[in-house]
Amino acid sequence: MVSVLQNVAIDCADPYELARFWSEVTGCPVHPEDSPGDEETRVMLREGPILHFNKVPEPKAVKNRVHLCLRPDSTRDEEVDRLLHLGATLVADLREPDGTGWTILADPEGNEFCVLRSASDRAGPAPHP
């Protein structure tokens with residue numbers, strides 16, 4: 001059985017470091033022509049699209065999130081532990097099958113507000129009549 005983690009984040013503004021993280025997560029290599037200091041770095045997935053990572057203006061750190069399938073040969077807890085060991089700063093998943101609500105599986109950096117705030121909260125307070 002394959003489970004799905006809906007949000008995995010790492011705080012990083014450097015495209016090469018970001019790509020290196022996802023290279024370890026996916027087990028796929030960084031594009032052989034890319035190197036530290038490049039404005040863009042790519043991860044060559046075995047199947048599906050290439051993951052592109054662009055430089056973010058310093059000193060901003062981005063919480064880069066992707067949809068990620070757990071490896072079939074590991075449990076959910078084992079996969080969360082693996083991601084944390086690789087440097088993830090947030091691992092979350094949908095709480096309900098219909099896509100409503102979130103559950104935080106791991107949040108060592110205190111980022112839960114990023115996924116728990118509702119769309120209405122992000123839009124700001126409702127205008128007064």
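What you see is a predicted model, and the numbers here were worked out from it, not measured in a lab.
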Tell me if a side-chain donor or acceptor on R82 pairs with a main-chain N or O of V25 at a distance below 3.5 Å.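 At least one qualifying donor-acceptor pair exists.
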
With distance as the sole test, does D14 use its side chain to make a donor-acceptor pair with the main-chain N or O of E17 at under 3.5 Å? yes

Rounded at 0.5 Å granularity, tell me how far [atom1] in [X] sits from [atom2] in [Y].
| X | Y | atom1 | atom2 | answer |
| --- | --- | --- | --- | --- |
| L83 | E24 | CG | CD | 11.0 Å |
| T26 | E47 | OG1 | CD | 12.0 Å |
| L84 | E79 | CG | CD | 10.5 Å |
| F21 | F53 | CZ | CZ | 9.0 Å |
| C28 | R46 | SG | CZ | 4.0 Å |

Do E39 and N54 have side chains that approach each other closer than 4.5 Å (heavy atoms only, starting at C-beta)? no

If you take all heavy atoms of [X] and [Y], which pair is closest and at what distance?
| X | Y | result |
| --- | --- | --- |
| I10 | T89 | CA-OG1, 3.6 Å |
| D38 | E33 | OD2-O, 4.1 Å |
| V30 | A19 | CG2-O, 4.0 Å |
| A88 | P108 | O-CG, 4.1 Å |

Counting heavy atoms not belonging to R42, are there more than 12 under 6.0 Å from its CZ?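 Yes, the 6.0 Å shell around CZ holds more than 12 heavy atoms from other groups.
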
Evaluate the side chain to side chain contact (heavy atoms under 4.5 Å, CB included) criterion for residues D77 and L105: first the C-alpha distance (whole Å), next the side-chain angles of each, then the deciding distance (0.1 Å), finally the verdict. CA-CA 9 Å; D77 289 342; L105 303 177; over 6 Å; no

Only one of S35, P15, P36, S23 clears side-chain contact (heavy atoms from CB on, under 4.5 Å) with T41; which?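 Running side-chain contact (heavy atoms from CB on, under 4.5 Å) over S35, P15, P36, S23 with T41 returns exactly one hit, P15.
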
